[in-house]
Number of protein chains: 4
Amino acid sequence: MGVTMDGTKQQRRGNTRQRIQDVALELFAEQGYEKTSLREIAERLDVTKAALYYHFKTKEEIIVSLFADLTKPMEELIDWGEQQPHTLATKQEIVRRYSQALVDAAPLFRFMQENQATVRELRIGDSFKDRMRGLRDIFVDPDADLVDQVRCASAIFTLHAGMFLLQDLEGDPEKKRAAVLEVAVDLVTQAHKGGAGT
Amino acid sequence: MGVTMDGTKQQRRGNTRQRIQDVALELFAEQGYEKTSLREIAERLDVTKAALYYHFKTKEEIIVSLFADLTKPMEELIDWGEQQPHTLATKQEIVRRYSQALVDAAPLFRFMQENQATVRELRIGDSFKDRMRGLRDIFVDPDADLVDQVRCASAIFTLHAGMFLLQDLEGDPEKKRAAVLEVAVDLVTQAHKGGAGT
Amino acid sequence: MGVTMDGTKQQRRGNTRQRIQDVALELFAEQGYEKTSLREIAERLDVTKAALYYHFKTKEEIIVSLFADLTKPMEELIDWGEQQPHTLATKQEIVRRYSQALVDAAPLFRFMQENQATVRELRIGDSFKDRMRGLRDIFVDPDADLVDQVRCASAIFTLHAGMFLLQDLEGDPEKKRAAVLEVAVDLVTQAHKGGAGT
Amino acid sequence: MGVTMDGTKQQRRGNTRQRIQDVALELFAEQGYEKTSLREIAERLDVTKAALYYHFKTKEEIIVSLFADLTKPMEELIDWGEQQPHTLATKQEIVRRYSQALVDAAPLFRFMQENQATVRELRIGDSFKDRMRGLRDIFVDPDADLVDQVRCASAIFTLHAGMFLLQDLEGDPEKKRAAVLEVAVDLVTQAHKGGAGT
DNA sequence: GATGAATGAGATTTCATTCAT
DNA sequence: GATGAATGAAATCTCATTCAT
């Protein structure tokens, strides 16, 4: 369609790229990457498939671009964290900020969480692993007790999982987020108290 | 002609059915369900695609059968748990046994963890949700502090995530499993001590 | 369609592969390889595109298989020639036999002649080059006069070109072939007489 | 705005048109016409596809224009030849001059030689055939012996083929060209001596 | 218990072309 | 003289599935 007859869809000019990203992420998160066809994305946007290829060279490039755009704040946070001393205070601060960054990029992370097999095959898999390794190196002290190492790893994981861990649970989302954050901070703090957990 | 009529003794002879399941699970876990084609499975087994259709009516039936077969122990555990009083001791026992059941069915859970988007679309999604809900209802006391609720949920989650959470970490797998178990038991125990967590 | 209603097209069973090759070669020769789509081939055979892919893994495999099948006699001739002494008599004999082999595989060679750019990109390009090099090494004596070397190369070339060189010329095809053969034999013979040609 | 109205001075300024032709011919010769996309041409020139359409109405027009520009000397040669008496001397002279014209337009002819299937479908096919017919009518005497007719045709063909016939052969290109020319002149001369070749 | 042959639907991708700016 | 955005058509290829044997 898209015939200029009524002027209803002319105001989107120059933002097609953005709109593709938005719709794509929505569908990828909902149905998975493989199950989402470019036809579907194009139809929702009322453009042709070829239009998608004008903006992105391949299907993979769409998800890669989403990843790059949405994880920039985290990348910056990790870069920052690497330059700070790895004290408990730093870690707590990172947990807090990371929690917020996760919320901001929630749909992307929901997608990644739920499509790990796919992510692994795509190029973003490696970028993500690098990022996670950076985070782990800040949090996990390799000389610490193994249980405490797990605590720290679990803290990060709880944050990641938190978003959708609580979907079934009733209650105010903001409160749930706060609860998740508290558990994560707790885990990090306990780990720092020195393995007294056992 | 050895056609199964009652379902009790598939393994009897002509173990092709079993071999299909094995290879399928391996590939599904590795590459994802959508990315794994029946052609690939057939080729690995050195049979034709049509042979798969002799044993399973559809592709989905393969994964459904795997799920049914491999989660039976958990189903039984949850059934058992539902009939026990929901005391701390019961929960700790379930955590321990569940941890073992997870290890036994690790590849399936790795698959499910990494292909949630796919799982959701398939029939096993619902069966799994039912199972998880059963588990949650045993663990999570809806009247407890929200933070403690998160602790309990996080305990189960830590178990599930544990398997691959620690893949990067060096160390004896048995010890790592023990560490994961300890963190999970800890979380459940803390939750029971009454929200004073920190 | 192919619906079994009348029984008119059931007698082709087991020869689909051959029929694909036949139609493909016809169309490749007529329109070129790139311009011939699998849709076109399938439609002519009244099967689906997917049926082609049952018999050949890729479009390229169709042409590769044609090449392999149709040039086998030549390959054998060259193998034979390599084991003979490279005398004038041998060369004349090869020219004669090669001429016949070319006639037998005429459509393929017409295709190759007219689609060299394509052939170069495909795997058959190299096989063909190897074959031609074998032939040249039999015919062309590297120590001979350059003009005589060209004569020998031109002999082979005249054979190859002969088929369609004379399409415009009127006259009995058999006679034309004989004339081409004579010119080729002539060139080879002159070359052997020792460059006195001019 | 410098738009060509008469066609005489394309090279004047804003030489994009020329550059398009150059790159296009290079790619057409290398990969074939069908395999060469306008995107590829545009990318090499660092302009957009749309820019090509400013200079040429269609893809075909690019090759048509190349043909027209590069074969003009031959056209003139043939026109000249038609007005001369068809003596041996004339023919030898034409062979010599034609040989030079071929060298000047080598890439185009390499392209045409190697993409005959494509050329046949395009408009240039007919123009070329007309030109070749003109040449043949000068060279081939329809009343002569068939073998001599083939000799004359083969002479022209040897010239055409010569360019790439000798690519594999080592040696000074200039010498190779001379050798090709000698064989061609030879063939024409023999034909005129009256079938004595046999 | 399995194969050989085929299908229908649909996927990703590419291309020549257009047109307003 | 050229670009940015888009399109319609088509291409190659893959997949789950069917069915007669």
Side-chain angles (χ1 to χ4, degrees), chain A residues 1-4 10 12-17 34-42 45-60, chain B residues 1-3 13-14 16-17 34-42 45-62, chain C residues 1-4 10 12-17 34-42 45-60, chain D residues 1-3 13-14 16-17 34-42 45-62:
Chain A
M1 308 260 148
V3 191
T4 323
Q10 246 44 38
R12 308 101 154 211
R13 253 298 149 68
N15 61 343
T16 305
R17 195 191 142 92
E34 328 271 356
K35 274 271 229 172
T36 304
S37 69
L38 296 185
R39 180 179 54 68
E40 218 174 340
I41 298 176
L45 289 168
D46 203 30
V47 296
T48 61
K49 277 176 289 169
L52 305 185
Y53 279 92
Y54 176 76
H55 293 282
F56 299 95
K57 264 203 287 288
T58 64
K59 187 184 178 187
E60 183 171 350
Chain B
M1 287 133 193
V3 190
R13 235 249 39 215
T16 305
R17 194 190 144 90
E34 328 271 358
K35 273 268 227 174
T36 303
S37 68
L38 296 185
R39 178 177 57 66
E40 219 173 341
I41 297 175
L45 290 167
D46 208 32
V47 296
T48 60
K49 271 184 294 173
L52 305 184
Y53 278 90
Y54 179 81
H55 293 283
F56 298 95
K57 263 205 287 290
T58 66
K59 187 185 180 187
E60 185 171 351
E61 227 197 65
I62 299 180
Chain C
M1 306 268 147
V3 190
T4 323
Q10 246 43 38
R12 305 102 154 214
R13 254 295 148 71
N15 62 341
T16 305
R17 196 190 141 92
E34 329 271 359
K35 274 271 228 173
T36 303
S37 70
L38 297 185
R39 179 180 55 67
E40 219 173 339
I41 298 175
L45 290 167
D46 203 29
V47 295
T48 59
K49 277 175 289 167
L52 305 185
Y53 279 93
Y54 176 76
H55 292 282
F56 299 95
K57 265 203 286 291
T58 64
K59 187 184 179 186
E60 183 171 350
Chain D
M1 288 134 191
V3 190
R13 236 247 43 215
T16 306
R17 191 190 146 92
E34 327 271 357
K35 274 268 226 170
T36 303
S37 68
L38 295 185
R39 177 179 55 67
E40 218 173 341
I41 297 175
L45 290 166
D46 208 34
V47 296
T48 60
K49 272 185 292 174
L52 305 185
Y53 279 90
Y54 179 81
H55 294 283
F56 299 95
K57 262 203 289 290
T58 66
K59 187 185 180 187
E60 184 171 352
E61 227 196 68
I62 300 180

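Below, each value reflects all heavy atoms present in this structure, side chains not excepted, and no hydrogens, waters or symmetry copies. Here is the naming used below: chain letters follow the sequence lines, and residue numbers restart at 1 for every chain.
Going from atom CG of L52(A) over to atom C1' of dA5(F) covers 13 Å, rounded to whole Å. With rounding to whole Å, E34(B) atom CD is found 18 Å from dT14(F) atom P. For the pair E40(C) CD and dA9(F) P, the computed distance is 18 Å after rounding to whole Å. Following rounding to the nearest Å, H55(C) (NE2) and dT7(E) (P) show an atom-to-atom distance of 9 Å. In this structure, D46(C) places its CG atom 12 Å from C1' of dA6(E), rounding to the nearest Å. Taking atom CZ on F56(B) and atom C1' on dC15(F), their separation rounds to 19 Å, with Å as the unit. Look at NZ on K35(B): it is 12 Å from C1' on dA11(E), rounded to the nearest Å. If you measure from atom CZ of R39(A) to atom P of dA10(F), you get 19 Å, rounded to the nearest angstrom.
Residue T16(B) places no side-chain N or O under 4.0 Å from the OP1 or OP2 atom of dG1(E).
Among dA6(E), dG8(F), dA16(F), the nucleotide with an atom closest to any side-chain atom of S37(B) is dA16(F). Of the listed nucleotides (dT3(F), dG4(E), dG8(E)), dG8(E) has the atom at the smallest distance from the side chain of T48(C).
In terms of heavy-atom proximity, R17(D) sits nearest to H55(D) at NH1-O, 3.8 Å. Closest heavy-atom contact between L52(D) and L38(D): CD1-O, 3.6 Å. Nearest approach of T58(D) to Y53(D), heavy atoms of both residues: CA-CE2, 4.3 Å.
Each of Y54(A) and V47(A) was matched to the nucleotide of DNA chain F holding its nearest heavy atom; the match closer to the 5' end belongs to Y54(A).
Here the straight-line distance linking atom CD of E34(B) with atom NZ of K59(B) works out to 6.0 Å at 0.5 Å rounding. Separating the NZ atom in K49(B) from the OG atom in S37(B) is a distance of 8.0 Å, to the nearest 0.5 Å.
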Check the interface with nucleotides 17-21 of chain E: list each N/O to N/O pair with the protein under 3.5 Å, or write none.
{"residue": "dT17(E)", "atom": "OP2", "partner": "Y53(D)", "partner atom": "OH", "Å": "2.8"}
{"residue": "dT17(E)", "atom": "OP2", "partner": "K59(D)", "partner atom": "N", "Å": "2.9"}
{"residue": "dT17(E)", "atom": "O5'", "partner": "Y53(D)", "partner atom": "OH", "Å": "3.2"}
{"residue": "dT17(E)", "atom": "O4", "partner": "K49(D)", "partner atom": "NZ", "Å": "3.3"}

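When the salt bridge (charged side-chain N to carboxylate O under 4.0 Å, His left out) test is applied to E60(B), the partners found at least two apart in sequence or on another chain are R123(B).
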Report the secondary structure of DNA chain F in dot-bracket form, marking unpaired bases with a dot and bases paired to a different strand with |, and treating Watson-Crick or G-U pairs with both distances under 3.5 Å as paired. .||||||||||||||||||||
